Amino acid sequence: MDDIRKKAKELLENKTVQVVIGYGKGSGEEARAIFVRDAAKTDQLIFDETCLQNLAVYILKHEVKHLGKIAIVATSSVLRSIMILASEQQLKDGDLVVLGITSDGKYIDLPNFKAIEDYLATLNVSITDKEKELLKMIDAMTMEERWAWWQNEFSKCFKCYACRSACPMCYCPKCTTDSNQPQWIPVASHQLGNMEWHLMRAMHLAGRCINCGECAKACPMDIPLNLLTYKMIDEMNANFGVTVGMKPDAVFALSTFKNEDKENFIR
Amino acid sequence: MSEKFEPKVVAFVCNWCTYAGADLTGTSRIKYAPNVKIIRFPCTGRIDFMLLMKAFANGADGIIVSGCHPNDCHYSTGNFHARRRWMVFKSMLEFMGVDTRRIVFSWVSAAEGAKWAQLVNTSVEEFRKLGSYDAYKQVAKLNIEKEVFNG
Ligand code: SF4
Ligand code: SF4
């Protein structure tokens with residue numbers, strides 16, 4: 001951690017960056033995101049097992065961009081988000097300084113996208129056993145059970161859109177949900193509106209979600225909505241052989257095709 | 001409810017192949033099930049998944065999605081892109097417990113008037129067997145609205 005603090009201090013002192021995004025002490029047991037703009041305050045940066053938030057969500061935020069060039073403390077989730085943002089032309093190599101950090105708090109020097117790509121290739125990014133269990137459980141249900149299970153989960157949603165705000169890949173300045181001409185998603189959080197919202201969210205993240213779990217963590221109603229996007233990760237893997245968020249120049253699986261794509265479901 | 005149940009079916013088709021194919025069905029005077037309402041799109045690539053959901057939300061019991069055969073797309077690749085999206089969309093719906101037997105995907109070319117008739121007939125027959133899509137209609141409050149209007 002001292003390496004990161006030292007590095008952050010240097011970067012702010014020699015004005016390479018204007019703000020360092022990292023973790024600081026929050027209220028209670030939780031860590032929170034902090035935005036350090038003063039070299040003297042870099043000792044506020046911390047890293048421990050409570051530092052789980054995917055900080056990449058702030059990279060494209062207008063308020064943050066406005067501060068100047070950023071450096072970001074980057075866990076593997078942040079790194080993978082950066083890869084997606086790069087492949088979607090939202091970030092160029094050199095736009096930000098990446099302060100890589102291993103899960104046990106060691107600093108990794110990642111000077112460019114190539115270095116991030118190489119580092120990610122050494123990690124195991126498959127979904128956890130717990131997630132696999134849950135997917136198995138839902139897959140084992142009958143259609144009616146699945147419908148009832150999800151309807152029950154969706155019924156808790158009150159459309160606060162915290163899940164959307166927490167996701168680094170939900171960066172559209174105007175979300176389809178906010179569009180009212182036409183009104184794609186009903187504003188009210190009734191059953192239909194909730195289901196359509198979740199379906200749309202999941203579909204718009206299919207092949208882009210990197211499985212950081214922020215959406216589910218952000219949900220005040222504890223809806224396991226990340227399962228929907230996890231499922232898509234599985235699908236992308238099985239159908240197109242891609243693991244999302246590993247390369248800065250990856251082609252989005254749904255904006256390309258192969259002649260031999262499976263079509264056994266088409267009559 | 002003594003009448004026989006007739007499924008409401010919405011067909012999302014592309015302008016260049018399936019719509020022309022369905023036209024040919026008509027000009028060839030082939031009869032087919034009248035349950036289907038056809039909506040014409042420029043290309044299968046334009047058929048947003050939400051549109052299908054809107055059909056269900058408005059009371060459809062079954063949906064047909066059809067366009068040009070692979071390599072025949074008027075815009076070269078629209079159907080290839082659509083095919084990938086249908087693939088993931090279908091598994092998403094299955095995962096959420098939506099009845100995907102009620103969505104039929106097909107390729108029907110401008111020359112396949114007979115295939116169109118057959119596709120509609122078999123699909124309508126299948127949808128009829130599945131019955132009204134009550135689970136979805138309940139969520140969309142379609143039945144309840146009627147009660148309110150009837151006072
Ligand atoms: S897990 Fe949730 S927050 Fe993270 S990338 Fe996927 S959808 Fe976005
Ligand atoms: S965070 Fe939870 S309650 Fe809020 S919109 Fe998302 S799913 Fe619904």
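Excluded from the calculations below are hydrogen atoms, water molecules and symmetry mates; all remaining heavy atoms, backbone and side chain alike, are included. All values derive from a computational prediction rather than experimental measurement.
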Exercise for review: To the nearest 0.5 Å, tell me how far A:I266 CD1 sits from B:M87 CE.
Suggested key: 7.5 Å
Point to revise | Nearest-0.5 Å distance, CE of residue B:M96 to CG of residue A:L199 | key: 4.5 Å
If I measure from the heavy atoms of chain B, does [X] come under 4.5 Å with its side chain, its backbone, both, or neither?
X	result
A:M236	side chain
A:M232	side chain
A:A148	neither

Which atoms of [X] approach chain A - backbone, side chain, both or neither, heavy atom under 4.5 Å:
X	value
B:F49	side chain
B:V88	both
B:L119	side chain
B:V65	neither

**Study point:** Residues of residues 27-40 of chain B within contact distance of chain A, non-hydrogen under 4.5 Å
**Key:** none
How about the chain B/chain A donor-acceptor pairs under 3.5 Å, what are they, with distances?
residue : atom : partner : partner atom : Å
B:K54   : NZ   : A:W184  : O            : 2.3
B:K54   : NZ   : A:E196  : OE1          : 2.7
B:H81   : NE2  : A:S255  : O            : 3.2
B:R83   : NH1  : A:E263  : OE1          : 2.8
B:R83   : NH2  : A:K258  : O            : 2.9
B:R83   : NH2  : A:N259  : O            : 3.0
B:R84   : NE   : A:D261  : OD2          : 2.8
B:R84   : NH1  : A:A253  : O            : 2.7
B:R84   : NH2  : A:D261  : OD1          : 3.2
B:S91   : OG   : A:E235  : OE1          : 3.1
B:E94   : O    : A:R146  : NE           : 2.6
B:E94   : O    : A:R146  : NH2          : 3.4
B:F95   : O    : A:W150  : NE1          : 3.0
B:F105  : O    : A:R267  : N            : 2.7
B:S106  : OG   : A:R267  : O            : 2.9
B:W107  : N    : A:R267  : O            : 3.1
B:W107  : NE1  : A:E263  : OE1          : 3.0
B:E126  : OE1  : A:R267  : NH2          : 2.9
B:E126  : OE2  : A:R267  : NH1          : 3.3
B:E126  : OE2  : A:R267  : NH2          : 3.3
B:K141  : NZ   : A:Q191  : OE1          : 3.2

